[in-house]
Amino acid sequence: MCGIVGILGRDAVAADIVDALKRLEYRGYDSAGIATVQDGHLDRRRAEGKLRNLEALLNEAPLVGRTGIGHTRWATHGPPTERNAHPHMTDGVSVVHNGIIENFRELKDELTASGTTFSTDTDTEVVAHLITRERNTGASPVDAVHATLKRLEGAFALAIVFAGEDNLMIGARNGPPLAVGHGTGEMYLGSDAVALAPFTDTITYLDDGDWVILTRDSMDVRDAEGNAVERAVTKSVASALMVDKGNHRHFMIKEIYEQPEVISHTLSHYLDFAKGEVRDLSGSIDFSKISRVTISACGTAYYAGMIAKYWFEKYARLPVDVDVASEMRYREAPMEDGGLTIVVSQSGETADTLAALRYAKGEGQKIASVVNVRESTIARESDVILPTLAGPEIGVASTKAFTCQLSVLAALTLLAGKQRGRIDATQERRLVEALSEVPRHITTILKDEAPYEALAQDLSRARDVLYLGRGINFPIAMEGALKLKEISYIHAEGYAAGELKHGPIALIDENVPVIVVAPDDDLFDKTISNVQEVAARGGRIVFISETDAERAGCPIAASLPVPKCDSFVGPLIYTVPVQLLAYHTAVFMGTDVDQPRNLAKSVTVE
Ligand code: G6P
């Protein structure tokens with residue numbers, strides 16, 4: 001997946017394209033490039049690596065031209081080199097692409113057989129050559145694109161410009177999002193409205209299968225058959241302000257520190273603290289009539305879904321199936337008619353999660369989405385939107401969005417328990433109060449980062465790290481391991497503490513740190529038994545708990561204290577130490593914390 005942008009401007013557009021690409025870097029940062037139409041010809045600049053490399057190149061060799069397209073890449077086909085960087089072009093056509101052309105091999109063979117020479121390893125290059133071949137037979141740019149689109153299979157958002165056409169840009173959408181921005185005598189295309197926010201808040205979202213012909217003052221949207229279709233013009237609320245790091249070293253630590261505030265903000269949207277009650281913001285969901293909930297998501301959001309399963313089943317006595325979206329979309333799981341599917345996604349654009357949503361919809365499910373970006377495709381395709389109020393999350397490793405997802409799902413659990421007669425008013429008040437204390441507890445943890453900094457040096461030497469947790473804290477162990485892997489590149493696994501003896505215990509020796517998430521809940525003693533099994537084999541135990549490390553009854557290498565809290569909110573509190581541990585380890589090792597290698601913030605390919 002990648003970020004794309006296109007501008008039909010009044011003046012030279014390269015600087016504005018760079019500005020928009022900065023807002024899309026969350027979609028990938030393997031390479032970047034821009035092409036413009038200059039004096040009837042196409043010209044481009046491309047650079048491997050982050051956008052700043054392209055900026056440096058443009059300073060040395062500026063691009064002029066009032067019509068242009070730009071791209072920031074997350075490599076799918078072909079290594080992240082300058083050669084493979086977009087835009088891809090022939091003499092007559094230049095293309096940027098987000099997605100995967102799944103039949104590109106067949107198309108490439110066909111083109112090669114008829115004499116086309118390819119200069120990249122990408123799937124995208126076939127699009128430029130197909131359009132060019134059509135143009136060479138005398139087709140107009142519009143007809144050439146239409147004929148080409150009919151040949152493409154897979155997922156794509158495209159922006160296309162043409163030599164000799166200073167007032168024309170064509171976009172197409174099949175899968176990944178694409179928005180048109182309307183200016184005054186200017187027109188824009190972008191992967192999202194945020195990218196276009198500095199220029200316009202007047203946006204048209206294209207539907208799947210749409211393609212659009214733009215000039216500086218016209219928009220002509222067509223469906224797959226080429227018929228003109230109407231698409232609404234909306235006002236976007238995306239902010240033009242670029243979020244900065246404030247006085248923090250990285251976005252990730254800034255976002256960790258924002259948690260008390262954004263959790264508070266999110267909780268107060270769903271809970272009435274004064275009355276000790278949950279608000280009913282679920283729209284048309286009636287949990288008393290639902291017999292099963294399905295939750296689907298990817299990555300960190302999936303772990304939020306796993307935690308919700310424990311909550312819903314225990315407090316609302318409501319069975320939950322939870323599945324990673326990339327599996328759910330193809331599993332052909334039968335779903336109960338009239339059931340509820342909850343999808344969880346920070347970006348609201350994750351391709352697999354969107355596909356899981358569409359599958360569930362096809363199975364007659366009502367769809368509720370827990371999303372951070374309210375204008376996202378997932379939000380727009382849901383029956384009920386349950387927003388997280390985390391604000392923009394820039395660090396690729398999700399932190400505050402995760403704890404806000406948990407906040408929403410905890411509130412929803414209360415609502416479900418109440419509607420199903422499983423939570424009475426006294427219990428509701430107690431649980432609302434427990435949630436209201438979460439920001440204070442997190443603030444307490446954040447007051448002392450010294451133990452994390454000290455431990456980071458030790459962890460940085462490990463080849464493998466194990467995280468253990470039981471019950472509702474098992475997903476926290478998985479989240480801790482994921483955070484460490486993502487940003488420090490140390491291999492880590494999260495395991496259900498009781499499963500340790502069925503395999504991973506074979507890994508334990510004095511070189512393997514074992515991080516134990518051990519809240520003082522009714523499973524504490526069980527967890528401690530597993531800790532002792534580790535200690536007996538020489539493992540180095542890092543103990544994250546609200547209780548005294550001495551209760552472990554065995555040597556502890558390090559202890560990370562957590563404030564005493566109600567076990568209902570444990571996952572919200574115990575997440576913060578595993579975030580800090582991963583962060584400080586990565587900082588000590590000098591990795592690129594906010595933009596770790598090979599990852600992207602929003603994954604719009606499957
Ligand atoms: C990527 C990100 C993760 C995120 C996952 C799901 O892998 O790096 O941090 O958890 O996608 O993203 P979503 O936007 O759907 O929550």
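Just so you know, ligand 1 is whichever comes first in the structure, and atom 1 is the first atom listed for that ligand. For the numbers below, each heavy atom of this structure counts, side chains included, while hydrogens, waters and symmetry mates do not.
- Classification of the Phe199-Tyr188 ring pair by plane angle, with boundaries at 30° and 60°, yields parallel.
- With no hydrogens or angles considered, no side-chain donor-acceptor pair links Ser31 and Glu82 at under 3.5 Å.
- In this structure, atom 6 (C) of ligand 1 lies nearest to the protein heavy atom Cys298 O, 3.4 Å.
- The Ser345 neighbourhood of ligand 1 comprises atoms 13 (P), 14 (O), 15 (O), 16 (O), with distances under 4.0 Å to a heavy atom of that residue.
- Note: an N/O pair closer than 3.5 Å links Thr300 and ligand 1 by distance alone.
- Residues that satisfy the ring pair (Phe, Tyr, Trp, His ring centres under 6.0 Å) test with His250, not counting sequence neighbours, are Tyr583.
- The atoms of ligand 1 that sit less than 4.0 Å from any heavy atom of Ala301 are 10 (O), 16 (O).
- For atom 8 (O) of ligand 1, the nearest non-hydrogen atom of the protein is Ala600 O, 3.1 Å.
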So Glu393 and Tyr26, side-chain hydrogen bond (donor to acceptor under 3.5 Å, both in side chains) or not? Walk me through it.
-> CA-CA 9 Å; Glu393 190 181 67; Tyr26 72 88; over 6 Å; no
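- Atoms of ligand 1 lying under 4.0 Å from at least one heavy atom of Ser398, given by number and element, are 9 (O).
- The two residues Arg374 and Ala379 make their nearest non-hydrogen contact at O-CB, 3.3 Å.
- Among all protein heavy atoms, the one lying closest to atom 16 (O) of ligand 1 is Gln346 N, 2.7 Å.
- Ion pairing between a basic and an acidic side chain is recognised when a charged N comes within 4.0 Å of a carboxylate O; Glu486 and Lys483 show such pairing.
- Of the protein's heavy atoms, Thr350 OG1, 3.4 Å lies nearest to atom 12 (O) of ligand 1.
- The side chain to side chain donor-acceptor pair (under 3.5 Å) test with Asn84 singles out one residue from Asp121, Thr124, Asp30, and that residue is Asp121.
- The number of heavy atoms from other shown groups lying within 6.0 Å of NE2 (His265) does not exceed 12.
- At a 3.5 angstrom cut-off on N or O pairs, Val603 does not count as close to ligand 1.
- Listed by atom number, the atoms of ligand 1 under 4.0 Å from Lys601 heavy atoms are 1 (C), 2 (C), 11 (O).
- Between Gly299 and ligand 1, no pair of N/O atoms sits closer than 3.5 Å.
- Among protein heavy atoms, the minimum distance from atom 9 (O) of ligand 1 is reached at Val396 O, 3.2 Å.
- Between Thr353 and ligand 1, a contact under 3.5 Å exists for no N or O pair.
- In this pair, Tyr257 and His248 present their aromatic rings tilted. The plane angle is within the 30 to 60° band.
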